[in-house]
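No experiment lies behind these values; they were computed from the predicted model shown. Chain identifiers are assigned alphabetically (A, B, ...) following the order of the sequence lines, protein sequences preceding nucleic acid strands; residue numbering begins at 1 within each chain.
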There are 2 protein chains.
Amino acid sequence: MNKNKDVAGEEQSGALMADVARLAGVAISTVSRALANPGRVNEKTRAKINAAARQLGYTPNAMARGLRVGKSNIIMIILPGSLYYGVSQIIPQVLQSINKSLIQGGYNLMIANLDRDELSERHILDLAFGGSVRGVIILSSKLPEVDGRSLANSGLPIVSMLLDMSDAGLLSVVTNDREAVRDVTAELIRLGHRRFFYIAGPEGNYHDVERYGGVIEALEAAGLSEERVRRSGGHLDYQHGFDIGVQAADDFATLRERPTAVIATSDDMAISFVSRIQRAGLSIPGDLSVVSFDGSPVCEFSSPPLSTIEQPVEEMGRAAVDLLLDALGQTQNPTARTVIPSRFILRESIAAPKN
Amino acid sequence: MNKNKDVAGEEQSGALMADVARLAGVAISTVSRALANPGRVNEKTRAKINAAARQLGYTPNAMARGLRVGKSNIIMIILPGSLYYGVSQIIPQVLQSINKSLIQGGYNLMIANLDRDELSERHILDLAFGGSVRGVIILSSKLPEVDGRSLANSGLPIVSMLLDMSDAGLLSVVTNDREAVRDVTAELIRLGHRRFFYIAGPEGNYHDVERYGGVIEALEAAGLSEERVRRSGGHLDYQHGFDIGVQAADDFATLRERPTAVIATSDDMAISFVSRIQRAGLSIPGDLSVVSFDGSPVCEFSSPPLSTIEQPVEEMGRAAVDLLLDALGQTQNPTARTVIPSRFILRESIAAPKN
DNA sequence: TTGTAGGCGTTATCAC
DNA sequence: GTGATAACGCCTACAA
């Protein structure tokens with residue numbers, strides 16, 4: 001049945017199941033069984049079939065199979081359109097980790113970008129409703145929704161990673177943003193710090209809300225007023241982390257009573273902030289302690305090495321896949337929210353305040 | 001024909017073309033045409049059909065279409081198993097850029113990781129030979145090949161990005177690694193540097209060969225011996241860029257006649273090298289000039305800000321997609337090798353040698 | 001244990 | 001311009 005010509009120069013990819021069947025001298029359905037349910041077929045015929053398949057270099061057609069069984073084996077990961085540097089650094093790890101886990105389950109990973117435009121939303125919805133995709137991992141807070149169709153009621157299992165969207169009914173894998181920042185802030189307070197400077201991500205963003213919330217909680221727990229912390233930033237997108245840090249350094253310079261400890265929402269903000277602040281003549285941690293969030297490897301090699309809260313991205317990736325695969329298997333909903341604890345990495349950017 | 005029950009709690013995704021046809025009061029084939037060849041159908045019926053489709057939230061089934069037309073609309077990007085930090089940083093940009101271009105052409109992007117194990121090779125080949133994939137962009141120097149099947153003769157168009165594989169018959173999009181490093185080295189020579197230190201990636205790797213080659217060429221052009229440059233590294237994978245830099249700093253310390261200029265194969269090597277070298281009491285660029293390759297944004301905020309050769313990744317991504325899309329359209333092979341020039345970013349890490 | 005037959009949702013080739 | 005109808009490659013009752 002292979003319609004490919006033997007003519008030289010002709011495409012020659014694509015032995016069919018029928019070709020294997022003929023070569024092995026059995027029926028097509030037997031081949032199908034031998035490949036899928038090796039148990040339900042005679043040992044000898046199976047051997048013949050395997051031999052024939054190998055000889056022909058047979059590879060099953062995924063689309064035909066998918067059409068027939070009504071399922072694809074593709075998982076879609078939705079990345080936010082604006083990747084900020086901090087996350088940008090970890091995205092490859094996330095993808096690697098997720099992809100590796102998926103492959104072992106027999107799945108493939110497709111990428112989708114969720115920009116703010118309708119085109120990308122429509123595109124994602126086409127994928128979801130067009131049967132191309134079996135499940136979704138989403139790293140964005142917005143669920144695509146265009147004229148009636150919404151990802152939420154696509155019938156696909158969806159796992160949110162990094163952002164807690166369990167309120168919206170999505171399985172979520174997150175780290176303990178709030179708690180981690182709270183603990184770090186508490187530690188700074190313990191060291192004697194009383195005036196704080198917070199470098200913010202975009203106002204209202206989940207990470208910003210959680211992490212800033214952690215700062216406030218720590219202040220409250222220590223009986224300190226919220227006034228103790230100055231915010232900078234909040235208008236720029238995470239994508240511009242370095243710019244935010246630069247801007248924050250300018251803001252910092254204008255303050256009369258200078259804070260002694262800085263908490264940044266992401267590593268890149270801290271990195272550019274530190275760079276500018278040092279250039280302005282301040283020393284870290286002598287004049288100023290700095291800590292940030294993400295755990296970028298580069299922090300170790302800053303001067304001074306930067307303390308940071310490391311996101312357990314690989315574990316989160318694995319957890320997200322596990323959750324998704326579970327959801328694909330059963331109809332029951334497992335735990336809606338999985339928290340993977342972060343790890344605080346203490347480096348030289350933190351010290352007790354001078355005065 | 002929609003077999004989905006209206007029962008509450010039942011999955012309800014998936015209006016079929018037949019459903020649209022019935023609602024519009026036309027034949028199924030007419031719907032197909034109206035959606036694909038809007039020109040070849042009456043204006044009024046087309047309107048009816050579109051209305052019906054929208055009302056039902058109809059989305060064509062991609063697998064059915066793919067099976068029928070014998071083509072998928074998925075492009076596979078093969079990432080090297082070990083992403084080194086420098087490239088790791090640019091991967092998200094690359095993916096974004098590539099994905100955006102692809103979507104406009106109606107394609108989707110699937111990710112594959114090429115590790116050194118047979119499993120991942122087999123997986124990629126299954127994708128390629130199973131009709132799941134229409135074309136390939138590869139960022140790895142190794143073409144998957146397992147028992148007879150090789151990606152090279154899958155019949156799929158392949159574009160190599162970052163690495164020049166035009167020798168292997170692949171369309172390649174690269175930057176001018178050799179030339180860029182040659183020019184930078186020449187500039188260092190012009191400044192008066194005569195002793196060089198080169199921090200290498202894995203021995204034999206394309207980037208290492210090209211970039212080191214650039215150093216040598218510059219030396220030759222200036223009538224200087226190859227002995228002028230000391231190599232460090234070469235055994236560790238790019239993945240361990242930071243470690244390589246750390247190791248290089250140790251190596252550097254053991255040299256009797258100290259080089260005055262350092263050229264690193266990637267930014268991360270330079271970053272960790274600088275960190276350690278400064279800790280050892282040397283100053284940059286006072287005692288030592290440093291330049292590296294990649295153009296990571298973070299280099300701007302190192303102390304001192306690092307000079308680097310920036311890879312034009314977005315342009316390369318676009319070029320790769322263009323090439324691939326061309327190859328999908330025609331059978332003729334366009335230019336085998338596209339070079340997108342890099343951009344040298346001069347920062348404070350470079351100066352004339354002291355003595 | 002194996003073979004026969006029908007269909008998954010779409011497109012393309014025919015007639016009309 | 002529109003409507004039947006036959007594939008596309010595979011899986012899965014069901015029959016043998």
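One atom, CZ of B:R46, and another, P of D:dT2, lie 11 Å apart when rounded to the nearest Å. One atom, NZ of A:K48, and another, C1' of C:dG3, lie 14 Å apart when rounded to the nearest Å. At whole-Å resolution of the value, NZ in B:K71 and C1' in D:dC8 are 13 Å apart. If you take CZ of B:R22 and P of D:dA4, they are 13 Å apart, rounded to a whole angstrom. Summarising the geometry, the separation between CG on B:D19 and P on C:dG9 is reported as 9 Å, rounded to the nearest angstrom. Protein atom CG of A:N37 is 8 Å distant from nucleotide atom P of D:dT12, rounded to whole Å. With rounding to whole Å, B:N61 atom CG is found 14 Å from D:dG9 atom C1'. What separates CD1 of A:I28 from P of D:dC10 is a distance of 8 Å, to the nearest Å.
Of the residues B:L125, B:L170, B:L114, the one that meets the side chain to side chain contact (heavy atoms under 4.5 Å, CB included) test with B:L151 is B:L125.
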Checking side-chain contact (heavy atoms from CB on, under 4.5 Å) for the pair B:R116/B:K142: CA distance, chi angles, key distance, verdict? CA-CA 9 Å; B:R116 297 238 155 274; B:K142 179 171 190 301; 3.7 Å; yes
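Of the candidate nucleotides C:dT11, D:dT2, C:dT2, D:dT2 has the atom lying nearest to any side-chain atom of B:T30. The side chain of B:S32 sits closest to C:dT11 out of C:dT1, C:dT11, D:dC11. Comparing C:dG3, C:dT10, D:dC11 against the side chain of A:A27 picks out C:dG3 as the nearest. Comparing atom distances between the A:A64 side chain and each of D:dG9, C:dT11, D:dC14 picks out D:dG9 as nearest. Residue B:R33 places its side chain closer to D:dT2 than to any other of D:dC11, D:dT2, C:dC8. With C:dG9, D:dC10, C:dT10 as the candidates, the nucleotide lying closest to the side chain of A:L67 is C:dG9.
With DNA chain D read from its 5' end, the first of the two nearest nucleotides for A:A36 and B:V41 is the one closest to B:V41.
For D:dG9, the OP1/OP2 oxygens have no side-chain nitrogen or oxygen of A:Y58 closer than 4.0 Å. Phosphate proximity of C:dG3 to A:S29: absent, as no side-chain N or O sits under 4.0 Å from OP1 or OP2.
Taking every heavy atom of both residues into account, A:L162 and A:Y206 meet most closely at O-CE2, 3.5 Å.
No N or O donor and acceptor, one from the side chain of B:R68 and one from the base of D:dG9, sit under 3.5 Å apart.
Side-chain atoms of A:P92 and B:P92, non-hydrogen and from C-beta on, do get closer than 4.5 Å to each other.
Side chains of B:R149 and A:T59: a donor-acceptor N/O pair is present below 3.5 angstrom, by distance only.
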